[in-house]
Amino acid sequence: MKIFVRSFPLLLAILPLNLRADISLADYIRPLVGTKGQGNTYPGPTAPFGMVQLSPDTADDLWDNAAGYKYSDNSIMGFSMTHMSGTGIPDLGDFLFIPQIGEPKLVPGSTNNPDVGYRARYSHDQESAAAGYYKVNLLNNNVTVELTAADRAGLMRMTFPESDHASILTDLSHFLNGSVDAPGRFKMIWSHVRVEDKATVTGFHLVGGWAKERYLYFAARYSRPFDGHRIYSNGQEVKYNTYRFRSRNEAAGTNLQFVAEFKTHPGEIILVKVAVSAVSAENALQNLDHEIRDWDFDRVRKETREKWNHELAHVQIEGTQDQKETFYTAMYHCFLAPSLYEDADGEYRGLDSNIHRAQGFKNYTVFSLWDTYRATHPLFALIQAPRDSDMIQSLLAHFDQSVDHLLPVWSLQGSETWCMIGYHAVPVIVDGFLKGVKGFDPERAYQAIKTTAMNPDYDSVAAYSQLGWVPCDQENESVSKTLEYAFDDYCIARMAKALGKKEDYQYFMRRASSFTNLYDPSLGVMRPKDSRGLWRTPFNPHFYDDDSRTNDFTEGTSWQYSWYAPQDVPELMALSGGKEPFAAKLDQLFTFHQADTNKGMNEVQGRIGEYWHGNEPSHHIIYLYCYAGQPWKAAERLHEVARTQYGNKPDSLSGNDDCGQMSAWYIFTVLGFYPVCPGSDYYVIGSPGLPKAVLRLSNGKKFTVTAANLSEKNIYVQSVKLNGRDWNSPFLPARAVKKGGTLDFQMGPEPNKSWGANTQPTE
């Protein structure tokens, strides 16, 4: 199977007709979704899981939009080669290209004053975005820019007016040195540019940003020779000088721009193809020749569109135009990250800054694990198993290169950002292993996850393993860390049991119950406890502070985190007094209201009471109604969130998409089931949002979900049949999905409160 996936033309040849690219599922992709508001997505083209994300950049304040593009901005700085989708912290935006007419400007200007720099005004009615394609007309110079992308390279097609002074600027310091109105967020450590010939330029920069030491090289080839060229360093043109031994064809420094100059006739097209590499300029040139052999823009665009058609065909749905656009755009966002991070010859720069060659797998980067372990990677395990295997092997390669003997926390292009909490590479690996993902050594993987979880130097793991909780007088975010460590430990126990490691199983299952140590029965919530075993006093369970250094919770409150024990919801219910009190407390979560007096509340998105769908700690909560025997309440809230916080418009995402996690929640939810507890052997049945969906699983099986009588009013499950047999439990065995088959819902306008009475998940 892995051989076929990597041999794309062969795969297309053997696929049945209804899986081929001509079904045009890619036509439903709306890349502008999430670019307005807090979605933090980008609209430019990329191949599925591609190494290059060629997209326009508009935003001055990167923290306001980490993907670089903000729909409400009225000018474009240019088009850079790399971007992240939906993150809350900015980085990338490497090597910006921008066409100009007249004397080239070397600084971008600002959104408030774009005309002082190389920014170009634009209008959304002269902008379009589709799978593998982006187009915009730059209003102040009348240049039309079209973009497409292959896996490791991008191609720009620029249509110029007649001019004796046309140019294309490459800014190696884009998003780094900034402008007067918007100073740069990161530090340019060093950069280099070199003119290889009259139509080829190479260069690199070393950046200190979120990723503390990030090398990236580029190679750019133009469709015709320059009529002239210039290199600028700190705003001054670099010229040949025998005293200083400087060359006008090469320069190094911390603020470099390259300008390719042309005399153009009306409607003249100049193409630029650009590849990147983390290894060397030579590798970037090899990537360029490997990815884009000629100057056929439309061929590259078509091939990338066909790749998207192939990936989207893993799930085929019935529904309205809006439903299809929302669903397939969500799949598109899920398949943007993790992104490929190796050259055509398999070389990549590792965590140790050395050059490695991936052997037997493709290396990936951009692992937003605190987000994506919840639903994105469980989705991959079902329908992207060969890639999930490569990703797991990438996590293990990171471990091998780590001097701290840790799996990644949040890795970015050969660096560890140490962002967020937990050791959530563990559930990614374990869920993949237990769901049948092949291609990696389970024993090697187990040793990596166990070693990570036993590392005494990582975020108070030593105190946690000794006390049974992370003490709040020794560590910030102590409650969240305790609860998330406990879940990760459950996953380790599951893998230990599967591998016959009985002592390890018992040890990690004990640690998995640590959440009980922080439950305060007097308040009915999770509460921080110090190293002496004393509760934090005073304590407000509704307190929120966006500064993790002064908070006991990670991007949430006690009232959100008090639901986080997916490994043992029955015990969590018992602590709350049983099913009825548990469900009543869930009701309170969705109706709670108080004035926004807490710090950082303006950043909280997707609020329904104190349920905040715009951030991940809430994503599993609605499904907990099913454990309490009230699945009809889950149906009401699931449809409310899917209806109000997703869609096919630029402002249709309520919060950061977080490398696909927000979108993965939607995909699972409208399919009718969700992985509340990755690493377990069951999904939780909710309430489907589509009349029919066919999942084409990685093992070649099909799993079909239907929802008879589904409508805007008919959202309640009346009955369920699994493979033709009545199924009265809200828990769906993973093995049943894996084997393929059918899950058929009967929907109605009123709850059938007798359905879902069996509230014990069975493995």
Side-chain angles (χ1 to χ4, degrees), residues 6 8-9 42 44-57 78-84 92-98 131-135 145-158 168 170 172 174 193-194 196-197 199-205 215-224 258 260 269-308 335-349 358 362-366 413:
R6 290 170 179 170
F8 184 68
Y42 58 84
T46 184
F49 304 99
M51 187 171 171
V52 160
Q53 308 85 28
L54 179 53
S55 189
D57 293 318
F79 310 91
S80 60
M81 302 306 300
T82 60
H83 296 83
M84 292 186 292
L92 306 187
D94 298 287
F95 311 125
L96 175 133
F97 291 77
I98 181 70
Y133 180 70
Y134 176 86
K135 180 180 180 180
V145 178
E146 297 170 275
L147 312 176
T148 191
D151 287 334
R152 299 174 179 87
L155 182 58
M156 294 173 271
R157 182 164 66 186
M158 302 182 183
I168 301 173
T170 306
L172 279 73
H174 171 54
V193 66
R194 176 174 179 162
E196 301 286 352
D197 58 41
T200 307
V201 180
T202 61
F204 97 102
H205 61 200
Y215 292 82
L216 200 65
Y217 296 79
F218 79 93
R221 188 168 288 140
Y222 297 71
S223 58
R224 78 165 175 87
F258 170 78
I269 292 174
I270 298 175
L271 296 101
V272 188
K273 50 185 176 182
V274 189
V276 299
S277 166
V279 175
S280 67
E282 179 183 10
N283 276 26
L285 283 166
Q286 292 174 359
N287 287 343
L288 192 65
D289 294 334
H290 179 272
E291 297 288 330
I292 304 178
R293 302 179 301 276
D294 52 29
W295 296 102
D296 191 341
F297 183 96
D298 293 327
R299 177 189 59 78
V300 177
R301 174 186 176 184
K302 180 181 178 182
E303 287 181 353
T304 299
R305 181 176 176 276
E306 288 175 346
K307 290 177 182 178
W308 279 113
F335 295 168
L336 295 178
S339 56
L340 186 68
Y341 187 61
E342 66 170 34
D343 295 332
D345 63 0
E347 287 189 332
Y348 67 96
R349 188 178 298 272
K362 287 187 176 181
N363 189 58
Y364 285 84
T365 188
V366 186
Q413 289 200 356

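Remember, predicted model here, so these are calculated numbers, not experimental data.
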> Which residues pass the side-chain contact (heavy atoms from CB on, under 4.5 Å) test with A220, sequence neighbours left out?
Replying inline: F97, F218, Y222, V272, V274

>> Applying side-chain contact (heavy atoms from CB on, under 4.5 Å), can you list everything that pairs with Q286, at least two apart in sequence or on another chain?
In response: E282, N283, D345

What pairs with [X] under side-chain hydrogen bond (donor to acceptor under 3.5 Å, both in side chains), at least two apart in sequence or on another chain?
X: D57; result: S80, H83, H174
X: Q413; result: R214
X: T82; result: D94
X: R349; result: none

The criterion is ring-ring contact (aromatic ring centres under 6.0 Å, His included); which residues satisfy it with [X], sequence neighbours excluded?
X: Y364; value: none
X: F204; value: Y217
X: Y134; value: none
X: Y341; value: none

>> Checking D296 now: which residues fulfil salt bridge (charged side-chain N to carboxylate O under 4.0 Å, His left out) with it, not counting sequence neighbours?
In response: none

> Mind checking what makes salt bridge (charged side-chain N to carboxylate O under 4.0 Å, His left out) contact with D298, not counting sequence neighbours?
Replying inline: R157

> Quick one: which of R152, K273, R221 gives a salt bridge (charged side-chain N to carboxylate O under 4.0 Å, His left out) with E291?
Replying inline: R152

